[in-house]
Every structure is written in structure tokens, then in C-alpha cells.
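Structure first, then comments.
Numbers here are sequence positions counted from 1. The basis for the numbers below is simple: all heavy atoms, side chains too, and nothing from hydrogens, waters or symmetry mates. Here the structure is a predicted model, which means the values were calculated and not measured.
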Amino acid sequence: MDKASRLRRKIGAWRTFAAALVLLSVGLTVVVIVLALRDPGKSKPSTCGAKSKNKNFIDLSEPDKPGPFHDLTKYEMKRLREFLEKDPNIHVEPAETAMVNQSCLYTLDLYPAKKQNVLRYLDSGGPQPVRQARAMVFRGDLNPPVVEEYVCGPLPNVEECTLLKSDQRRNPVEFSLRPVSLQEFDAVYKIVLKEVDNKIGYILQESYGTSYHSCPPEECFKIYPSPLATNLVDDINMRRLWVWAEYNVEYYGLHPVDFGVLANLDGSDPRKYSVDKIWYHGQMFNSMNELIVGYNSSKIDKSKLKRPENTRDTFSSLNQRQDKPLPKEPLRPPTLVEPDGKRYTVKDRKVDYLGWSFHYRMSVLTGPSLWDIRYNGERIAYELSLAEIAVFYSADNEIQRITDFVDSGALIGSHSKSMVPGADCPESATFINQSFAGQSVDEPVELSKAMCLFENNNGYPLRRHLSYSTSEGGFYGGMLDSVLTFRSIITIVNYDYVFDFIFHQNGVIETRVMSTGYISGSFFTDKERPYGFRTEENFIAPIHYHIFHFKADLDISGTSNTYETLDIETEKVTLLSVPNKEYYQTKFVRNVKNTEQEALYKFNFDTPKYHVVHNKNKKTKFEEIKGYRLALHGMSKQLLPEGVNSEKTIPWARHQLVVTKHKDDEQVSSSPYAMWDSLNPVTDFSKFYEDDENIDDEDLVFWIASGMHHIPRAEDLPLTTTVGNHLTFFLLPMNYFPTCPSVTSRDHIRIEYKDPKNPSEGVRVERNGNSYETCSMPNTAKDYDELLQENPDIVIESRLSRGIL
């Protein structure tokens, strides 16, 4: 064989070998992809002493046929937008090109079916109610422009959209009350602030070293908006927005300057937007010309600030300070371990966990909510949800003084996104994406890690008792409080709110909100001192009030419920063991609330009480009430006078608890227009109970207000921490179970004598089939069970009498 033939043979062999390698690589790639796409529940769980394979599964895919509580799917939103663009009466413009003066789709949300129809489907085998969507459309194309809300269905193949009708709110709504949109912000920046730069940009440059447009983009002012509620201007058709100027430094909200623009945003034609007033260096000017005259003639004091440097150690940055790091050497913090895999399952947005089950949602308008909450198959609540967030500020300056935010006007749910494993939730948590209709893009927007679900233990016992001595019986029983938490974190501009729905193994549901994030500040002057502490050279953060509203539609043993308080009172009795001696003690008196206004509750330390809901036709075997107690641990008083200024936007804050008869058109206590509509609120919560309907033996809804006043301090820099900022309320069983339901939990640990008649034989530990092996236990250390065998007296008096009980 010649050299050429041998060379061709070698080349052929290498080609064959290379082809085989390619095929092998492709095959391995397919295997990896298949394994990666497998149902997580079918993969081997992380184990640490696990004795059997965990059969629980997590399925976060969107179902083809979503149930009555499922958020709008991406497919449904896409089909609905196509319908709205083609509908000749609505004809929304494509999102990429839509303008304020056109028909713009602002948002889409699930429109919940009537409760009675849903219960018939869930409990009686009836048909699933038709799924419908709520569409909010800005009709800038009409004269006069308005906001219209439609109910569209059936989903996904929409046949019609009709105006949403309700006895509790008007529709259409004045255009001036609409939530702020991306298109409007863009117009403010390009039209109003461009005009400011053109006329007084030189004043801004001389005073602050920058402006809005005539500057490098990274050095231009950032803006912070503050709406001016309609009750302050006495005209429901006026739309005014203060725009603060702040340096573009991390974080800009902590670097304000003493300058702001009040923008006139009347109507739907952005070309007519203008400057209404100017705030400069502690003074109000009715026009830019008035400021120019005063500035050029030196008849006013001039501001002179140096733009702060944006460094790693700037007080407002979130960089870790490296001068004295703790610990000195890198040591990771404790972490959550699920030794046998997850003990909960998720499918079609329904969660099952140790007897609990519930469906979860993320409304774009109002945020997180849970539906059809059950324990061992019995419904406790039909709905448990956030209804509204508000924060009201105070100040000497005109801008922050009127900053009264009502956050549904910013689309609360769309601000829950991007939670970080190991910081916002445990690394082992199940992270859940959420899809919304975008304002400036046609396709639905999917937000990554908008919610998380995890089980953890709180680090303290749910219950425990130690009878140490033989005379006390010699035993121990206890278990850690391991809970399932459904979490979302809402970040609305500077503030972050952590919302948790927590399920305990003793039948308790806990709802908690914690506030963190950046405080909102003002430029410091001596006139601001009554409202806050000076914490930096030009910065003061004023007192403000956080208030949250929740809805709890409870169904205890059915929908026929009674609300009563157990009023705790003192009484005077005469002792028999000590003649003629009077003695004071407490007792409780049952007080059934018959009407909605009887049930209005304002906290009073002098009249402590339990709030109890039950079905009076379902009692314990001892004929006692069988219900749930509502324990309010986040109460505070809203101090502003009723009915004035912006207080009219939050009438739900007047009481810590309101109980109403369920109505399908009283779905939410507020509205996305509440940021602006203090003159004639679109939704006035006081109307919910004004008719004073009967609430005895009815389907009841409990409205809970939680709040706190915040006087910022230096330690709120750079961020407010959650510690001390926990507001909670609990749903606690009240004779609902014959005993504590946690007695069935395998988490329970019992220690007892091997032989009760002969304690010196030692003790045994009963872990109900659970392994004691832990992932963090050093291999050389003796475990607790081994220690007990050597010395049982460390837990129960067994071989040694120590002379203590």
C-alpha cells in the first residue's frame, strides 16, 4: 500500500472516530437535557439520613385549563390583547407605539368569579365558572378622556368585553385619577423637564452642578414623583404632580436637593403639559419667570451645592464596608437544610403541606393573595389577601408635606420580583415566576422569582414540656415550630415590604408584613427639625405613617358565620376562705355583633377582648363555640382627622377591624385611583358598612388594618432593617379541634423511661420514624441519643436524685 493510500485510510479512520465522538456528545447532551427537564419530584432528593425517596413534587408550569383562582396565563393575556386591539369600540393601540392621547391598555388582571358559583364548583360538583379578566384601558382618544374598566370573557377565546358595573364604584373614571403610566412619565421627562432645562437650566447648573437634560446622562438629576390629591386642589379634573430633583448617586432618594417642579398634567395631550409652580431653596415660585427675575436680581437666597461623589463608601450605598468586616475571616451564615427533600407539593398554583392546602395568586393591582385555604379538607378561609398599602409623610417643605402614597396606584403586584436566594428567601426555597401584561410591550412580561415558598423552623418550640423529676412523671415532649411560608416582597420605589403567609402545624395561620428599604428624605433646613432627625449634611428623613389593609373572607364550618367578642372584664367577689375579704378577678362576657356598624372596632386598652368567628350551628361535643379567633398584633391609630385632605383616600384606616357581609362587588377596599381621588373617591370603603347590614349567621368578610409610625434615625441608613418592624395578625383555632392538631406531627420528640417502674434502666427517645442524623453534625461528635444512654439524668431524673423538681 502506497503512502497516499495509507494517508487516506488514516484520515478515514479519524473521520469515523470524530463522527462517533460527535454522536456520543449529542447523545450525552440529550440525556443531560432530559434529566434537567424531568419533573423535580422524580429526581433524587437531597438527603441527609433519608430512609426513603420523597414523593413530593413541584410543578410550576402553566396549566392548559387553569382553575378559578389561577392568575391569567400568558396565553390568555396574549389572546385578550389581540381581542382588545381588534374590538372597534375599544381599539387599544399596540403597546410599543401607544401614547397618552390614544386608547392604551394599562393592565390586565383576573376578574374573580362569584363566590357562590365557585363554591358550587368546589363543593358540589358544579361546572367551573367561566374565567374572566379585568382590563383597565386609558381612553385618551375620547373627548373628554376617561379610564374605562372592562370585564372580558370567556378566557382564553374572548367573545366580548363589557364595562365593569358595581354598586360600590363608578366606571368610567375621570382621566385625571388614572395611575401613573410609563408613557406619562416619559412625557413629563421629555416635555415638562425639557422646558425647565431650556429656561432655568443655568440656575440648576450654578446651584447644583447638574440639570435634567444638559448633562452627561449618568450625572443628570433623578426624579421622584409626589401626586397632589384632588381634594387639595378642589377640582377632580385637575392633575398635578410634584417632581423632586435628586442627585444620581446610589441611592438617589438619600441625596435630595432643595428643588422641585409641580407639573400640570391636565388632559390627554402631552404637548399641553406644563410647569405649574417651582420650589427652589425653601421658596415657592408661581412660574419659572418669577424664579428667573428673583435669581438674576439677587433678591432671593441662592442655593449652592456640590454634587456628591458616587463611591463605594458613600453612606447611602449598599456596598459592604470593608474597614472592619465581621467576622474577620469569611465564615458562611447558617443555612436551611431539607434532609429528606421537600414536605410540600405545588401544582397548578395549589400547595399542599402537612394537612394544609391553598391556592396562591399575585394580583397586579393588589398583590399577593391566598384562596380556598383548608386544613384536613375543611375550609378555613375562602380568601386571605392584601388589599392596599399606604404611606403618608410630613415635612416643612411643600413637596414632601403632601406626599401621601396609596400604592395600588402603582400596580402593587408588578413590583414583586427578583428575589435573591440566600438573601430574600432560603436557597432551598421554591421560586415562582409571575407574568403580567406590560405597558410598553405587547407580549406578556414574565418576572423571575416574584414569589417564593419554603419550609423552615422558627428556631423555637411550637410546644414543649419537661417533667424532670420522677415525682413529676419523668418525661419530655416537644417539637420545633416548623412552618410553611409563602412570601412576596413588594418594592415600590424606595420602600420594600415583605409579605408572609405562614402555616403552622397547630392549625394557625399567620399573616405578617415587614418593612425595609430606603427611607424617603428631604433637604435639611432648620424648619424641618420638628419632623425628623438630621442624619447627614443635607439630609433629613421625616416622620411618616405606614398602613396596610388586609381582607380575610373566613368560612368557618361553612359560610353561615357569627362574629362575637369575648369581652374581658373585672368583677368583685367575696372570698369564702378569708371572711369579709373582697377579691378582684377577670372574667369574659360574650358579645355577639348583629350589624356591620356594631362590629366596627377601634382598639382600647381599657376594653380587652377576643375576636371570634364561628358557625353557631356547629358546636363542640360540650356545646361550646367551635371557631377561629382573630388576634391583631399590628394595630395602630391613624391620627389624621376624618374626611379632610388625603385622609379620604384611606377610610379603611379609621378602624383596626371592620366586619361586613360578603358581596361580590365589594371585592377590594381601595382602588388603583386612590393615589389621586381624595375629592370623590372611586371606591369609598365607608360605604361598605354604611348600610349597616345584618352580619349574624351570614357570610362574613373581616377587614384588618395594620400600621406603624416611623421616626427615622441614623441606623436607618443605608437601609431600614426589618427587626422591630413586624406587623402580624393570626387566625387561631378556638375550640375548632378537639386537641392541638400538632399531636399527629412526626416532628414531635418524646423522651421517656425504658421501664417506668425502674427509672434507673435509663431512657429512650421516640422520633416517630425520623432519623436523628443531621447534615451539620461532626462525624466525631456523639449524638444526643448516645449521650442519653450514658447519662439519662441530663434530661430526666433517672439514676441520680438532685433534690430538684
(message) Taking R134 first and then D109, would you say they form a salt bridge - that is, a charged N and a carboxylate O separated by under 4.0 Å?
(response) no
- prompt: Ion pair present between R169 and D684, side-chain N to carboxylate O less than 4.0 angstrom?
  reply: no
Is a donor from one side chain sitting under 3.5 angstrom from an acceptor on the other, for S520 and Q400? yes
Between the side chains of D692 and T595, is a donor N or O closer than 3.5 angstrom to an acceptor N or O? yes
Distance col, row K449:NZ vs C425:SG, nearest 0.5 angstrom, shows 10.0 Å
Quick check, are the ring centers of F501 and F358 under 6.0 angstrom apart? no
Item checked: Side chains of S268 and N101, donor plus acceptor under 3.5 Å -> no
> If you measure only the distance, is there a donor-acceptor pair under 3.5 Å linking the side chains of S181 and Q439?
Replying inline: no
Inspect the contact between R379 and D553 and indicate whether a charged nitrogen and a carboxylate oxygen are less than 4.0 angstrom apart. no
Between C152 and the options V158, L164, T162, I90, the side chain to side chain contact (heavy atoms under 4.5 Å, CB included) test singles out V158
For the residue pair F499 and F548, does the interplanar ring angle fall in the parallel (under 30°), tilted (30 to 60°) or perpendicular (over 60°) class? perpendicular
Review point. Going by atom types only, do S678 and N231 share a side-chain donor-acceptor pair under 3.5 Å?
Key: no
- So, are K551 and E388 salt-bridged, with charged N and O less than 4.0 Å apart? no
Across all chains, not counting sequence neighbours, the side chain to side chain donor-acceptor pair (under 3.5 Å) partners of N645 are none
Atom CD of E446: over 12 foreign heavy atoms under 6.0 Å: yes
From the list K86, R79, K78, salt bridge (Lys or Arg N to Asp or Glu O under 4.0 Å) with E82 holds only for R79
Between the CZ atom in R170 and the OG1 atom in T683, the distance rounded to the nearest 0.5 Å is 8.5 Å
Rounding to 0.5 Å, atoms CG (L228) and CG (L265) come to a distance of 11.0 Å
Can you check whether D266's main-chain N or O pairs, donor with acceptor, with N264's side chain at less than 3.5 Å?
yes
Counting only heavy atoms from other residues, nucleotides and ligands, does the tally under 6.0 Å from NZ of K663 exceed 12?
yes
_Heavy-atom neighbours of M99 CE exceed 12 at 6.0 Å_ = no
Practice prompt. Would you tell me whether T366 and S363 have side-chain atoms, one donor and one acceptor, within less than 3.5 Å of each other?
Written response: yes
**Prompt:** Does the ring centre of W652 sit less than 6.0 Å away from the ring centre of F688?
**Reply:** no
Taking atom types as modelled, is there a side-chain donor on N171 or E149 under 3.5 Å from an acceptor on the other? no
Task: Cationic N near anionic O, under 4.0 Å, R374 to D372 - done: yes
Practice item. Establish, yes or no, whether a centroid distance under 6.0 Å links the rings of F685 and W703. Key: yes
Does one side chain, of S226 or Y393, offer a donor that lies under 3.5 Å from an acceptor on the other? no
- State whether R349 and D71 are salt-bridged, where the test is any N-O pair (Lys NZ or Arg NE/NH1/NH2 against Asp/Glu carboxylate O) under 4.0 Å. yes
Between D442 and R81, does at least one N-O distance fall below 4.0 Å, as a salt bridge requires? yes
| Have E383 and S385 got a donor and an acceptor in their side chains that come within less than 3.5 Å? | yes
Applying salt bridge (Lys or Arg N to Asp or Glu O under 4.0 Å) to R120 and not counting sequence neighbours gives none
Interatomic distance, CD@E510 vs OG1@T485, rounded to 0.5 Å, equals 8.0 Å
* Are the ring centres of F486 and Y360 closer than 6.0 Å? -> yes
Worksheet entry | Side-chain H-bond candidate by donor/acceptor type, S103 with H91, under 3.5 Å | no
Open item on the list: One thing to verify: whether R271 and D269 come together as a salt bridge, which I'm taking to mean a side-chain N less than 4.0 angstrom from a carboxylate O.
Closed with: yes
Exercise. Would you call K661 and E596 a salt bridge, using N to O less than 4.0 angstrom?
Worked result: no
One should read off an interatomic distance between S274 OG and E195 CD, to the nearest 0.5 angstrom, of 7.0 Å
Interatomic distance, CZ@F702 vs CG@L632, rounded to 0.5 Å, equals 10.5 Å
#### Entry: Six-ring centre of W676, R178 cation under 6.0 angstrom, axis tolerance 45°
no
*asked:* Between H546 and Y495 (judged by ring centroids, cut-off 6.0 Å), do the two rings come close enough to count as a pair?
replied: yes
